[in-house]
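To find a chain, count down the sequence lines: A is the first, B the second, and so on, and within it residues start at 1.
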Amino acid sequence: MTEQPDSSGDSLLALRLNKALELKQLGIDPFGHSFTGTIPISQVLQEFAEGRAVRIAGRMLTRRDMGKSAFAHIQDESAKIQIFLSRDSVPEQEFEVFKRLTDLGDILGIDGELFVTKTGERSVKARALHFLSKALRPLPDKWHGLTDTEQRYRQRYLDLIVNTEARDVLRKRFEITKEIRAFFEQRGFLEVETPMMQAVAGGAAARPFVTHHNALDLQLYLRIAPELYLKRLLVGGFEKIFELNRNFRNEGISRRHNPEFTMLEAYWAYADYDLFAAFVEDLIVHLARKFAYSGPLDFSPPFARVRYRDAVAEVAGEDWFSLTREQRRERAKMLGVEFAPDAEDYEVTQEVFEKLVEGQTQNPTFYTHLPRELVPLAKANSDDPSLVDVFELVIAGVEVSPGYTELNDPVAQRERLLAQSGGETQALDEDFLQALEHGMPPAGGIGIGIDRLAMILTGAESIRDVIFFPLLRPKSGTAGG
RNA sequence: GGGUCGGUAGCUCAGUGGUAGAGCAGUUGGCUUUUAACCAAUUGGUCGUGGGUUCGAUCCCCACCCGACCCA
């Protein structure tokens, strides 16, 4: 017990294990028990009244030991508060235990009464101390916190303990999804769950993750979108449904991409893309207000509505759509837009759109009337069948929400899916097509990229800041990840 | 995949071709209103990994690993 003290990694652990052992010998469980009747610290501070008895619990983050008295800060989920102990406020043995056997990071329960210090800080004078959990490893720097990005993501729990901003952003992300759910439910939508493991990965164009079911000896894919199952529910008679959950795409990782990400999809029978555009606008305006958005974007309604062709013509020239194939490619290069050598005309146009329109759009803008080649699952426009009834809501340079009038003609659907799959019939979800043949009501559908929306509303610069545990390559020697 | 930057004590960071330093955390002592508490003393490092150059490498070179950003 009196070995050479040092503070390198494992020795620090050994030292704290010894303290835990000593606590046990004193009849104190260092990893305590349920501790009920506590008041959130934020509430203690709000309803502060000197002399009032309170019970709080939380993690000790700082400590100032002054001989016969001591101060510390205790943090719970809601806030932190200073506690004061002295030989007079708690039994002498308890005071000694606090001084000698607690460490920064320990989770403590405190019974005490409220008072104000000389310097005016609202504090708790401890009357009794309860060990709830001993921390065997040290906290990051009390002043600088944890700044190493890699470690912040790998050990998110430390980030959450010491970096209030990180905690606030992530908390807000889940408050946003809670609010979105409430918004849909108030308007009569039912939240549903459909398969994440699918025999055919449909509903989007993306590389799927592959997995295998042993008992059925069946290759399955993690879903890239729930769309085809949600539409089966429209066939089955559900009229207003949404699903808010994870999709998986086996593609690159970047500031804006995580292989698993959260998507909301909603379908509304007997509606169309236009009704849904108004719905999405209401939702986003509501969220911006509810979460007191104060960034650079202007969320005041109505959002701009611009036709795809008009937007492209504005940046690429009024004559863009009357150019020949070669002229168009030349113009695109002049504009600094890159495209694949074998790109179709509409693909070159789409590159122009993505780089010069979408990428430059800051305030929420609906782009509508997209060319049908881009969106195989949407319904053709009745005035111009080369267009589809679709919107793309773009905010801060990224597509946040696409919305469609869904294609419900099973024959046309089959043709488009076949064209999209490059003629590979095995990639067709025959079961979905059969469902459509039973009749799907005309409907509007939308998606909302929840991570991106959360980034915009919280001002986060990276998708990793709105995901608790973003995917990282596991460090060699560590399990899992 | 390409480019740029980074990886040094538990955390935050300095630093040098001659064998590594600060602050915080830790340990010991002092201190009954502190709050980045303070005062005194003190422990702690395969300098990301592996090669190479060199009398000598944490530093220079090469490869690799991990991460961030930009580009594709």
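In terms of phosphate contacts, A/Gln151 brings a side-chain nitrogen or oxygen within less than 4.0 Å of OP1 or OP2 of B/C11. In this model, the phosphate group of B/U27 is approached by a side-chain N or O of A/Lys19 to a distance below 4.0 Å at OP1 or OP2. Applying the 4.0 Å criterion to OP1 and OP2 of B/A68, one finds that A/Arg464 has a side-chain N or O inside that range. Contact annotation: A/Arg255 does not reach the phosphate of B/C69 (side-chain N/O to OP1 or OP2, under 4.0 Å). Between A/Lys142 and B/A25 there is a side-chain N or O to OP1 or OP2 distance below 4.0 Å.
Here, B/C38 and B/U33 have their P atoms 16 Å apart, quoted to the whole Å. The C1' atoms of B/U19 and B/G23 are separated by 24 Å, rounded to the nearest whole Å. If you take atom C1' in B/U16 and the same atom in B/G56, they sit 14 Å apart, rounded to whole Å. The gap from the P atom of B/G10 to that of B/G45 amounts to 8 Å, rounded to the nearest Å. Rounded to whole Å, the separation between the C1' atoms of B/G7 and B/G50 comes to 16 Å. The gap from the C1' atom of B/G30 to that of B/A37 amounts to 14 Å, rounded to the nearest Å. Separation of the P atoms belonging to B/C24 and B/C62 is 39 Å when rounded to the nearest angstrom. Rounded to whole Å, the C1' atom of B/A36 lies 22 Å from the corresponding atom of B/U43.
At a cut-off of 3.5 angstrom, the base of B/G23 holds at least one donor-acceptor pair with the side chain of A/Asp141. Between the side chain of A/Gln82 and the base of B/U34 there is at least one donor-acceptor pair of N/O atoms closer than 3.5 Å. You won't find any donor-acceptor pair under 3.5 Å spanning the side chain of A/Asp65 and the base of B/U34, going by distance alone. Within 3.5 Å, no donor on the side chain of A/Thr147 pairs with an acceptor on the base of B/U12, nor the reverse.
Across all strands shown, B/U58 forms no Watson-Crick or G-U wobble pair with both key distances under 3.5 Å. In a base pair of the Watson-Crick type (N1 to N3 plus N6-O4 or O6-N4) or a G-U wobble (N1-O2 and O6-N3), with each distance short of 3.5 Å, B/A40 is matched with B/U28. Taking a pair to require two hydrogen-bonding distances under 3.5 Å in either a Watson-Crick or a G-U wobble arrangement, B/A68 pairs with B/U4. Both distances falling under 3.5 Å, in either a Watson-Crick or a G-U wobble arrangement, place B/C11 opposite B/G23.
Taking atom CG on A/Leu13 and atom P on B/U43, their separation rounds to 22 Å, with Å as the unit. We find that CD1 of A/Ile83 is positioned 18 Å from P of B/U32, with the value rounded to whole Å. As rounded to whole Å, 11 Å separates atom P of B/U28 from atom NZ of A/Lys99. Rounding to whole angstrom units, CG of residue A/Leu12 and P of B/U42 are separated by 20 Å. The distance between atom CG of A/Leu101 and atom C1' of B/U27, rounded to the nearest whole Å, is 14 Å. Across the protein-nucleic acid pair, A/Glu121 atom CD and B/A37 atom P stand 11 Å apart, rounded to whole Å.
The line from NE2 of A/His257 to CZ of A/Arg249 is 9.0 Å long, rounded to the nearest 0.5 Å. The distance from atom CD1 of A/Ile446 to atom CZ of A/Phe391, rounded to the nearest 0.5 Å, is 6.0 Å.
Each of A/Lys142, A/Glu121, A/Arg59 was evaluated against A/His73; a single residue qualifies, A/Glu121, per the side chain to side chain donor-acceptor pair (under 3.5 Å) test. None of A/Phe98, A/Phe95, A/Phe115 except one satisfies the ring pair (Phe, Tyr, Trp, His ring centres under 6.0 Å) rule with A/Phe84; the exception is A/Phe115. Applying the side chain to side chain donor-acceptor pair (under 3.5 Å) test between A/Asp106 and each of A/Lys19, A/Lys134, A/Arg63, A/Arg16 identifies A/Lys134 as the sole match.
Annotated as anti: B/U54, whose O4'-C1'-N torsion sits more than 90° from 0.
Here the nucleotide nearest the side chain of A/Arg64, chosen from B/U34, B/A68, B/U32, is B/U34. Side-chain proximity of A/Tyr153 to the nucleotides B/A36, B/A68, B/U32 is greatest for B/A68. Closest approach to the A/Asp103 side chain among B/G26, B/U32, B/U12 is made by B/G26 (side chain taken as heavy atoms from C-beta onward). If you check B/A72, B/G26, B/C11 against the side chain of A/Glu338, the one that comes closest is B/A72. Candidate nucleotides B/C31, B/G26, B/C11 were compared by shortest atom distance to the side chain of A/Lys68, and B/C31 ranks first.
Backbone-only contact: A/Thr149 has heavy atoms under 4.0 Å from sugar-phosphate atoms and none from a base. Contacts of A/Lys80 with the nucleic acid, taken as non-hydrogen atoms under 4.0 Å apart, are absent. In this structure, A/Phe115 reaches the bases: a heavy-atom distance under 4.0 Å links it to at least one base atom across the strands shown.
Heavy-atom distances to RNA chain B give each of A/Phe71 and A/Leu104 a nearest nucleotide, and the one nearer the 5′ end belongs to A/Leu104. Nearest-nucleotide positions on RNA chain B place A/His144 closer to the 5' end than the other of A/Gly67 and A/His144.
Using cut-offs of 30° and 60° on the angle between ring planes, the pair A/Tyr308 and A/Phe353 is tilted.
Contact of the A/Thr262 side chain with the A/Asp451 side chain is registered, since non-hydrogen atoms from C-beta on lie closer than 4.5 Å.
Taking the centre of each ring, A/Phe468 and A/Phe174 come in below the 6.0 Å mark.
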